[in-house]
Structures are given as C-alpha cells and as structure tokens.
Amino acid sequence: MFTLQTPLSQFTPIGKTAAPHLKKLGLSTVEDLLFYFPRKYLDFSIITPIGKLKPDTETTASGRIEQISNRRSWRKKIMVTEAIISDDTGKAACIWFGQPYIGKMLKAGDEIMVSGKVSFGDYGMQFAGPAFEKRSNDPAHTGRLVPLYSLTGRLTQKQIRVLIKYALRSAGYLADFLPAEIKRNENLMPLNSALEQVHFPKDIKTLTLAQNRLKFDELFLIQLIHAKRKQNTAALQAPVVPFHEAEVKNFVQSLPFKLTDAQRKAAWQIIKDMEKPHPMNRLLEGDVGSGKTVVAAIALLNAALSGFQGALMAPTEILAKQHFETIYKILTPLGISAALLTHNWQKAGNEEADTKTIIAKIKNNEIKIVVGTHALIQEKIQFQNLALAVIDEQHRFGVKQRQKLRAKGGAKLNPHLLSMTATPIPRTLYLSLYGDLDLSVLDELPKGRQEIIDRIVAPNERPQILAAIDEEIEKGRQVFVLCPLIDESDKLGAKAATAEYEKLRRTVFAHRKIGLLHGRLDPEEKEKAMNDFAQRKINILVSTTVVEVGVDIPNASVMMIENAERFGLAQIWQLRGRVGRGTYQSYCYLFPETDSAESMRRLHAILTSKNGFDLAEKDLELRGPGEVYGTTQSGFVKDLRIATLLDWKIIEQAKSAAFALIQKDPSLVKYPLLAQKVETTEKKLHFE
Ligand code: ADP
Ligand code: MG
C-alpha cells in the first residue's frame, strides 16, 4: 500500500526508473506527484466515427486493429509502423516513425483509441504519430481532455500520466484541510475531486471548478500567513506617538509647495497609525516624483517632537545623501538634529563627523533623525528610543535587513515601520506579496509638473531625434541613455552599456562629454559616475538600470532608452521618472529594436498610461505574471503553482476568507490540519 509520503523510488516499477527524472522536477513523494499540475490540456474529447474523419483536424478515433506491421523506410532507414484500424463506419491508417516497439506492443484484433492530427495519406485518412492506448472507459492519453505536463530529461507525457493516474488511485483519500464552512461559502469542490479533475478532467467546466479550488487553496494559505503576521505585529508594543498638530501644520505651511491631497491623506494615515500602541506596518507606494520623502519627513518630525528618534534607510549612498540634505534643510530650522551615516559619508548636522561620534550620539538620543544606507543596521548601532523606521525603495532590501532595522529600537520597543516604493505593483501582487502591510498610495503628482513628452522612435527617425537631443545638450540640459542587457552572460549590463558608450563617443556625440555606469564597476566608480553627472561634469550618462533608484537630477531632461522592448514596462516607467524633475520640458524617447506588433503594443501602453499603477496592470495583462515585476521578484511568482496574479477574484476571495478566519480563530486551534499546512507553506515561500 502506498501513502502520500511514499518516496517515488518505491512507487511502482516505472517509478523506480523514473524517480531520478521526477526528482529533477522537484518531485520526490507521491504527494508531490499529485500536486504537479498540468501545464495545459489537449482536447481529444471528441470521438469521431472513422468514416467521418476529416483532414486537418485533431480528433480521436476508436477502432479495431485490422493489421499492423513494422517495416524499414527505404530512403531513411527509419522503422515505420503502420496499422489499419476500423469501426462500423470505415477504415483509417495510423503511422508511427522510429518507434518499432509499437508494432510489437499492439496486435491485430486489439481495440484501441488514437488521438492526433488527421491528414490524407496513401490509404485515405491517416493519423500520423497519434497518441494511442487500449480502449477503456477511463483513458489517460486519448479520447478526453488530455493533460500535458512540463517535463525534463527522459520522462514522457505517457509515463507521467500513468504515474499520476496510479497515484490518484492508490494514494487513497486525502484529508481535506479546508474548513467545511469555507468550502460551502466559497462554493469549492472537495480536494480529492479537485485533484482528480485537474489531472484528468471530465470536461472544461469541471476542470475550471477543480482549478479554482486548487488556486483558492494556494492563495488562501498565503493569505493566512499574512493574516497571522499581521496579527503578530498587532500584538507587539510600540511607542505611542501623539500628533503634534500645531507644529506639524506649521511645518507643512512653511514648505515651498502645497502638499497634494494624496500626500495629505498618506501623512494622516501614518500619523493615525503611530498614535496606536502597536507597530505600524505600512507601505507607501507612489510614482517617482510623487513626493514620498516629504511624507516621511512629516512622520519623522512628528515623532521627534515627542522626543523620539527616527531612522531613514536608503539603498544607495547618493540617495541617502540626498535624503539627508532634504531633511537637514527642512527640519534643522525646527531644532531637530539629524545625522548622515553611510560608509563613505558621515555628518552630524552640517559638520563632518566620524562614525564613532555619530553612533554615540544615536545611543544617547542626541540625534533624533538618522539617514543612512545599510550602514544603519550594523551591529554596533543602537538607538535609545527609535519610534519610526523608514525604508526607502524597500524592495531593494531583503527581509533580514528590514528586520534588522526594526530591531534597532532594542528588545522591548518595536518601532513603527514605513516602507516606501516607487515600483508600481499591480494590486494582485501587492495583496499576494505584502498582504500583511497596510497601503497608502500617492496616486497623483504635484501640480505644475511638466508633462514628460514620450515618443516611440522609428529607425528612420533616429538621426532627427538625436539631433534634437543634441540641441537639448546645447541648451545645457543632460541626457540619460539606458541600455538593456545583451544576453545571459551580461547580467550586469557591462557589455551593452560599454558598446553603446563607445558608439556614441565615436559618432553622434563625439563632441560631448559622456560617462558610463554599469553593474561591473566597483561602488566608488559608480558613485563617481553619478556624482559627475549630478555636478554636470558630463552631458550624457550611458547606463544600465543601476541608475534606476530615486536619484534627483533636475537638470536632466532627456531619457533615451535603447532596445526599449527588452525592458519591463514598469521598469521603463521608473526610468522615465528620472527626468522631468526640474522645471525643464523633458522627453522620454523609446528606441525599439524591432517593430513587431507585440512590442509596439506594449510600448504604446507607456504613452497611454496615467500613472505607474495603471501601467503595472496593463503590463501584467500583456506580459503575464512571470515577467511583470522584474527578475528579483520572480521568486514569489514562481512559488505559485496553479494560481497566477491574473486571478484577482480568487485572490480577493482568499484574502477576505483568510482574514476572517484568523480573526475568529487566531491560532487555528480548531483546524490543526490547516495550521500544519500553513506552517509548511510558510517555510517554502519567497516573500520578496
Ligand atoms: P519620490 O516620491 O520619487 O521619492 P521625492 O520625494 O523625491 O519623490 O520628491 C520629488 C520632488 O518633488 C522633490 O524635489 C520634492 O521637493 C518635490 N515635491 C514633493 N512634494 C511636492 C508638492 N506637493 N508640490 C511640489 N513639489 C513637491
Ligand atoms: Mg524617493
């Protein structure tokens, strides 16, 4: 007797030889096999009477073998197997090449079913290389919706189907971990039927129901993890930070601009969160230029007014420095001390300071706001009363690094956490990936911003556009030139950017100063390239996407993207946000390499999108979930085996069911099976 845990090496004779190949697919137990879902299905469900077969159709026929033989083809020395099958309505031929075992396996008189493509042959209608099996009421390879699996190595579809069929039959009844009332409320199929139907569906309708049940399971488990995490966070103690209304309002009024409604709302949500004795865990999402920094500054100010400390961590030195300068400028006049701490730059207020001094001042609460890079999470740094940790471009940091910053408040004190990102995340991905975070969105840009002029440039327009770009440089503006990776070996983009740099330097922009920035440079060189650009020592910066992160160069007015179709739309959107930050009319030129309809359609979405979120949704639809969020995030997307980010209905359904359940039964004591499932799932997932 086999159980779900039986290793595949001990599972039937065919399992023994197949086990190493199955291992390559990540399958080691019978249970794994059951949860290895088909990639797609062939519809061989219609059985056509042989006399009615039509050429150029794909169908199934069921008949008796009249005769079958192997012969060697005279030209190519390949073995050819020929069979004639018949039913009451007629006869047809079946031909297989290079599979002489078929001629031995089948014999005249056998009742078989064949599925495949029909064409005109020497003897009338003919199946070429059809799938076949002995006639049965429950076929696996023909005469039904036939599952197709992703395979590697020497496994065949036939083998895996047989194995799965056998597993379904012998594994017995699987205990269903979904609470009965959820199944009822959400109208979900029992687990056992769903597994059976997903592999060997009765019809399309039942298949959809089975898929929905299994998708729900997957998404529900993820949402339970979020719900539990959220509850755990809510159980922690955090400093209560009262709202210093008058001072904050004064500060807002003193700004050289009026806050957008979105900024006001986000700041308000954050202030309200921080009034509670439990840690805030909020994501502030907003397009490049939407003004996230000042929202963070308001929260930091409000905390400092109560004597609390705050930290702001950014992924690069230059970004940290920029944030520090902003914060220093707007908060020191209010008597709030700030410091900058990165590996290369350290400042306490306006003074250069050494790391030791800064660390000491952080420890004794002399410094209220510290801005820095990863340097902030070093072992030796301890805050006296950290109330707010802000993480800019949060997806650039790993889970561990984010946790480390949160732990800086000391053992008892859990700071409030504000994560910020300019990466437009489709809503379904946000829910799946960050379902335990509250969300604030800056969905409008400050008024009076120049609209960026976007343009897709055809090859024959290239000279004219390059001339226009040169005029911009003549006016004193600066230009970003972005290059994609050339191939797999060029992960850091060194080759692509270098080639472009050389080309521009020798040709159209020979008379300009050009800088180069790519992933293979060491940090100092990168820093220097960025600094040279920031200080206008160079006119053009040729770069890979390392330039992506929120650097502010108001003098740059042109973004030129080479081979634009190779970039994700969300990525282009972010890159495009590097320009249009000053008062100058700015341009984003997309230079596609091909003019295929598909890449044009994608690039066109850039021209028609109102904001990054809008675009992220379109990108998801156009490219599919695997590509949408850049390669670093695909870990999570790959975790999904059957659900995808397009299943927004099921995602929302799973979310509300999960959060409701955790509210009723926080530790899932009534559902031990489910609790266990959540635990194993949590170990497997990549929430990054
Ligand atoms: P991001 O959301 O990309 O981090 P920043 O916070 O860097 O954006 O803001 C971009 C620029 O917009 C900064 O120069 C900032 O001073 C300015 N800014 C922020 N809010 C407003 C506003 N409401 N009106 C005008 N300018 C603003
Ligand atoms: Mg920013």
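All ligand and atom numbering here is 1-based and tracks the order in the structure.
Distances shorter than 4.0 angstrom do not occur between any heavy atom of A422 and any atom of ligand 1. Assignment of G286 to the shell around ligand 1 is not supported, since no heavy atom sits closer than 4.0 Å.
Using a 4.0 Å cut-off to heavy atoms of R581, the atoms of ligand 1 that qualify are 3 (O). Near S290, the atoms of ligand 1 lying under 4.0 angstrom from a non-hydrogen atom of the residue are 2 (O), 8 (O). When each atom of ligand 1 is checked for a heavy atom of L259 under 4.0 Å away, the hits are 23 (N). Close contacts of ligand 1 with T260, meaning ligand atoms under 4.0 Å from a residue heavy atom, involve 23 (N). Against a heavy-atom cut-off of under 4.0 Å, K258 is close to the following atoms of ligand 1: 22 (C), 23 (N), 24 (N). Within the listing of ligand 1, atoms 3 (O) sit less than 4.0 angstrom from a heavy atom of V288.
Below 3.5 Å of separation, one finds no N or O of V294 facing any N or O of ligand 1. Polar contact check, F257 against ligand 1: no nitrogen or oxygen pair lies under 3.5 Å apart.
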For this session: Test ring pair (Phe, Tyr, Trp, His ring centres under 6.0 Å) on F397 and H374 and set out the steps.
Result: CA-CA 9 Å; F397 295 95; H374 301 80; 5.0 Å; yes
For this session: Verify side-chain contact (heavy atoms from CB on, under 4.5 Å) between R477 and V479, making sure each step is shown before the conclusion.
Result: CA-CA 7 Å; R477 301 290 82 73; V479 178; over 6 Å; no
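Residues V579 and Y587 are not in side-chain contact: their nearest non-hydrogen atoms beyond the backbone lie 4.5 Å or more apart.
Checking T544 against H518 by side-chain atom types alone, no donor-acceptor pair falls below 3.5 Å. Side-chain contact check for S440 and Q269: at least one donor-acceptor pair (N or O, by modelled atom type) lies under 3.5 Å.
Both the backbone and the side chain of T293 come within 4.0 Å of ligand 1, counting heavy atoms alone. Residue-level proximity to ligand 1 for M420 is absent, since no heavy atom of it falls below 4.0 angstrom. Looking at K447 against ligand 1, nothing comes within 4.0 Å, counting heavy atoms. Heavy atoms of T326 found under 4.0 angstrom from ligand 1: none, in either backbone or side chain.
A salt bridge does not link E617 with R427: none of the charged nitrogens is closer than 4.0 Å to a carboxylate oxygen. A salt bridge does not link E525 to R520: none of the charged nitrogens lies less than 4.0 Å from a carboxylate oxygen. We find that K321 and E317 are not joined by a salt bridge, their nearest charged nitrogen and carboxylate oxygen being 4.0 Å or further apart.
Using the six-membered ring where Trp is involved, F243 and W268 have ring planes that are perpendicular, over 60° apart on the 30 and 60° scheme.
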